[in-house]
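A short write-up of the structure that comes next.
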Amino acid sequence: MEGDEAPLDDKAKRMRDLLSSFYAIDSSSSHSTATLNHHALPFNASARYATLDTINTASFDADRYMNLLVQKSNLDALLQRHFEMAAEIKNLDTDLQMLVYENYNKFISATESIKRMKGNIVGMEANMEQLLEKILCVQSRSDGVNTSLHGKRDHIEKMHRTRNLLRKVQFIYDLPTRLGKCIKAEAYADAVRLYTGAMPIFKAYGDSSFKDCKRASEQEVSVIIKTLQRKVLADSESVQARAEAVMLLNQLNFPVDNLKDKVLKKLEQVLGDMNLESGEVAQLLDNFDESSKKEIVPELSPENSQTVSTREFVEAARAYKVIFPDSREQLIRLMKDLIMKHFEVTQRHIDQQISSTDLLEMLRSIWNNVLVMDEILPEAAFPELSLKGARVAVEHFVTISFSRLLLNITDPLTKLQRRQEGLGEEYSFQGVLEASKKSVIQDSMSVLLDFRQLLEENLGLLLNLNKLIIEWVHRGFQDLFKKLDDQFRSLSGLNTLAGGVTEGSQSEKVLPGIVLVMSELSIFIEQIAIPRITEEMAVSFSESGARGYNSGPVFVSEEICHTFHSASEKFLHLYIKMRMKKISAILRKRFTAPNWLKHKEPREVHMFVDILLQELKVIGNNVKQILPQGPHVKHRHTDSNGSGSSSLSNSFNNDKLSKFNMHRTRNQLLETHLINLFKQKLKIFTKVEHTQESVYSTIVKLCLKSLHELVRLQTFNRSGFQQIQLDMQFLRSMLKETAEDEAAVNFLLDEVIVAAGTRCLDPILLDSPVLDKLIQTKLAKNSEEIQVSP
Amino acid sequence: MQGGSTGIGYGLKYQARCIADVKADTDHTSFITGTLSLKEENEVHLIRLSSSGTELVCEGLFSHPNEIWDLASCPFDQRIFSTVFSSGESHGAAIWQIPELYGELNSPQLEKIASLDAHKSKPKCILWWPTGKHDKLVSIDEQNLYLWSLDTSKKAAQVLSQESSGILHYLSGGAWDPHDVNVVASTCKSSIQFWDLRTMKKTNSIEHGHFRSLDYDSKKKHMLVTAEDESGIHIWDLRKPKVPVVDLPGHAHWTWAVRCNPEYEGLIASAGTDSTVNLWFASPSRDDLSESFTESPLKRVDPLLNSYSDYEDSVYGLAWSFREPSLFASLSYDGRVVVESIKPYLTRK
């Protein structure tokens with residue numbers, strides 16, 4: 001069944017295709033399918049489709065087709081094909097017939113409708129003619145009405161014009177009184193409106209018909225102008241009223257410019273006055289501040305009243321801006337002046353030392369004012385101007401802070417230096433040292449705190465400055481310490497070595513104590529101040545990002561530490577050097593002056609010992625005041641190997657001395673050699689430390705060594721030798737209590753005596769009873785002097 | 001410290017202060033040294049560095065009548081030298097000649113060529129004409145400066161001229177300018193005086209601390225090195241005598257002697273009473289650095305190349321070898337001569 005239906009459908013479809021191809025101009029689509037089928041033919045076993053399709057194509061060749069068909073098909077197939085073909089043709093015929101019928105029907109109905117239309121149109125023409133007639137009638141009638149009313153209308157129009165004129169004349173005549181009324185009612189705006197309305201008339205006829213009227217109204221207007229002028233100049237009036245007045249004056253063609261000038265001049269004056277005032281106020285309030293610092297008076301902080309006046313000014317400016325819109329430039333100039341003046345005042349205050357809070361307060365008030373000003377005149381770029389000003393002010397503040405810090409640190413020293421001429425050497429170095437130390441730490445901390453406040457402040461003025469401030473602070477500290485180093489140098493006279501003055505003339509001027517103070521101060525800076533400052537800076541002034549901003553010097557604590565470390569060493573050595581210079585001079589004099597070969601028998605300890613001890617005492621005082629006490633180790637030896645040698649060397653030296661007595665000088669040198677061979681080498685010159693004991697004993701040792709060397713350069717007779725022996729013994733008893741490195745001191749004293757013995761033609765030691773006696777008398781004499789002197 | 005074992009030692013019998021390089025001996029590195037003993041018979045030792053360079057050999061031992069305070073070798077005759085001596089209160093200065101064939105004699109005597117006996121006060125030092133054969137000598141005593149004419153063949157010396165240093169100026173030593181043979185510098189209490197030998201007048205002076213020793217830089221004109229008791233070592237540019245060009249720390253105690261190396265510019269040896277010999281390198285360019293070094297202490301190089309500290313006593317004698325400029329001889333008071341080589345430090349500069 002399905003097989004039957006499928007060919008039927010197929011058939012219908014083919015029909016439609018055929019018909020459509022018949023009507024269609026382009027048969028390409030069917031042709032293409034045909035060719036497709038034609039091509040597919042050899043593969044397709046069903047010849048029925050192939051033949052059918054080939055028939056349908058345009059290039060159908062009947063003979064060939066027939067040949068092909070005959071050749072390929074058998075009889076049955078040909079027969080069947082024949083039947084099929086006949087049926088198909090039949091079908092096609094009926095279809096054609098049906099189509100023709102349909103077309104014919106449509107044609108008939110169309111002709112019918114055309115016929116009907118023709119009948120309908122015939123009645124319309126008469127209706128249209130009727131309409132035209134009626135319209136013409138209406139037109140003629142309306143023309144009639146128009147002509148009859150024309151005369152009356154002209155009359156009415158004339159009357160109306162006259163009436164308007166009359167009203168205007170009335171208005172002019174009424175104008176003065178109206179103006180008067182307006183003045184009374186203070187409705188100046190109305191008055192001005194009325195007057196300006198009347199103006200053209202006055203201009204045209206003012207000289208003839210309305211003379212009186214014009215004069216009267218002008219009088220009134222002049223009254224108005226005066227009132228308005230007064231109003232403009234009066235500060236008590238509201239801004240709007242004044243602005244209105246100016247506008248009205250403008251409308252009255254009154255020259256406003258000189259009024260404006262007047263007003264601005266007044267403003268300028270106010271500005272001048274105000275700044276004077278503000279300075280005074282600030283000063284007054286400074287005093288006030290000092291007197292009542294403890295009380296918290298936020299309402300009356302120094303800037304408040306200043307702000308009030310500034311506010312007033314700003315308000316006035318704002319008003320004037322409204323009043324005189326074209327006065328912008330002048331106002332900008334004035335305001336700029338005001339800002340600059342504010343910064344000047346700030347600068348002055350900075351010079352007079354203010355805290356960062358005060359500075360911030362001032363900057364804040366300036367900023368507030370600037371913001372207000374900016375609101376009024378945004379095009380004037382006040383914020384930029386004030387930022388610049390703030391930058392300068394803050395930089396100034398930083399610089400001033402640092403220079404003040406430097407001054408605080410060095411001040412005690414310079415004062416001391418200056419004062420020394422009168423006071424001599426007995427002066428409290430300790431106080432100076434403490435003061436300087438304190439200022440180093442506390443002042444630099446407070447300075448840092450100040451700067452931190454600046455940094456933490458969220459003020460718009462300072463926001464952009466943070467990096468710069470950090471940089472300034474870094475640079476400030478760097479400079480501070482560099483300058484401090486320089487100052488120390490110049491105070492100590494060290495830089496004069498490279499500067500131009502010889503050291504000889506300097507050393508008399510510089511107080512050795514100061515050098516020692518500076519040495520100690522340098523240590524303090526190196527070990528305590530710098531680490532603390534660095535720590536503090538690391539917390540709040542870390543320069544991440546600030547680097548590279550400007551390749552200026554940055555605070556490098558290691559470098560500064562190094563500088564001060566070497567400085568402290570240098571000063572310590574300088575101190576010792578200076579002291580030694582004086583002592584050496586004394587010693588040299590002692591040893592070069594007399595003829596040691598003709599020395600008389602020793603009767604007492606020589607005076608130079610007293611002088612020497614005096615010097616040492618001064619040094620001891622210095623040292624005790626300034627330097628810290630070292631770890632208390634009596635009999636300290638620099639190296640562990642010297643531990644036993646004090647007694648050893650003592651006994652050795654005693655031996656040596658006794659050998660002189662026994663006149664066994666023959667092999668003396670050989671023995672010294674031997675002693676030196678076996679003895680642990682006692683180190684005399686050790687590194688100087690920053691302790692009382694170290695410095696003092698270093699000086700004592702250097703002193704004795706100098707003695708030693710000087711003795712070696714002389715040749716003595718017996719008495720000279722004995723004198724040396726006596727002096728040394730006495731020194732020994734005096735130094736025993738004070739010197740730290742007793743072994744070394746003893747050793748050196750012995751060395752001096754031995755050296756003198758070597759350089760003596762006849763070395764015989766004093767008998768110990770005589771020696772003791774002489775020393776005792778000297779001691780007694782000394783104690784007497786001590787008792788007498790106080 | 002370091003360097004102690006590198007030196008070649010030689011022991012004198014007695015204490016001694018002075019040692020000098022025998023400049024005229026071109027075949028060997030030799031030094032001459034004299035002892036300082038008050039009571040014993042003093043000796044002059046002629047020491048030669050063995051050809052292997054490992055030991056010091058006594059080439060001659062001569063007795064000297066008095067203790068020797070200063071000794072200088074003649075620059076043109078290796079057998080001639082001068083001494084300044086004293087015994088007790090008497091003192092003098094003389095030119096000596098080492099006898100020929102001394103090697104064969106057991107205890108040869110020095111031959112005195114001339115006695116410089118015009119001195120009115122204690123003589124301090126004798127200076128030979130800096131280089132080459134010349135008959136001029138300068139001797140300095142405490143108060144005067146003498147210019148001598150020496151005839152070695154006739155064995156006679158004559159005072160050509162003399163000049164007093166002035167009151168209160170105690171002369172202590174001197175040096176002859178190798179660049180300008182008309183100039184002699186002398187140390188006095190707290191100044192250095194410069195003398196023009198043609199006029200015998202003082203031409204210039206430097207006032208500073210207490211000078212102990214001075215030496216001209218033989219390589220660089222106008223450069224003078226001085227040692228002072230307290231202030232260490234200074235290098236002066238004589239064209240700018242107000243301020244020293246370089247300031248070296250010197251020694252822990254006094255710096256007794258300074259000597260410039262005859263070959264290597266800027267190398268200075270100093271001997272001190274702290275029983276050390278220090279080797280310094282003051283670079284020539286330090287003139288410019290001296291101002292900037294205050295600003296960057298980190299960059300500063302330590303001018304001290306080495307400190308030889310293997311001495312038992314103060315070192316007073318110091319002499320560079322002219323023949324081998326990398327060697328110097330030092331003499332400590334206990335009579336020990338040590339010859340050190342500075343070669344290990346030469347590369348460092």
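Residue numbers begin at 1 in each chain, while the letters A, B, ... track the order of the sequences.
- Here the NZ atom belonging to B/K39 is positioned 6.5 Å from the OG1 atom belonging to A/T758, to the nearest 0.5 angstrom.
- If you take NE2 on A/H708 and OH on B/Y333, they are separated by 7.5 Å, rounding to the nearest 0.5 Å.
- A salt bridge does not link A/K581 to B/E228: none of the charged nitrogens lies less than 4.0 Å from a carboxylate oxygen.
- For chain B, the option among A/L710, A/T698, A/N717 with the highest count of heavy-atom pairs below 4.5 Å is A/L710.
- Comparing A/L713, A/I576, A/L761 by how many heavy-atom pairs each has under 4.5 Å with chain B, the most go to A/L713.
- Smallest separation of non-hydrogen atoms from A/L702 and B/H253: O-NE2, 3.2 Å.
- Taking chain A as the reference chain and counting heavy-atom pairs below 4.5 Å, the highest number among B/L38, B/I206, B/L36 is found for B/L38.
- The two residues A/R712 and B/S314 come nearest to each other via the heavy atoms NH1-OG, 3.3 Å.
- A donor-acceptor pair under 3.5 Å links the side-chain atoms of A/K705 to the main chain of B/T273, judged by distance alone.
- What you find for A/T715 and B/E67 is that their closest heavy atoms are OG1-OE2, 4.2 Å.
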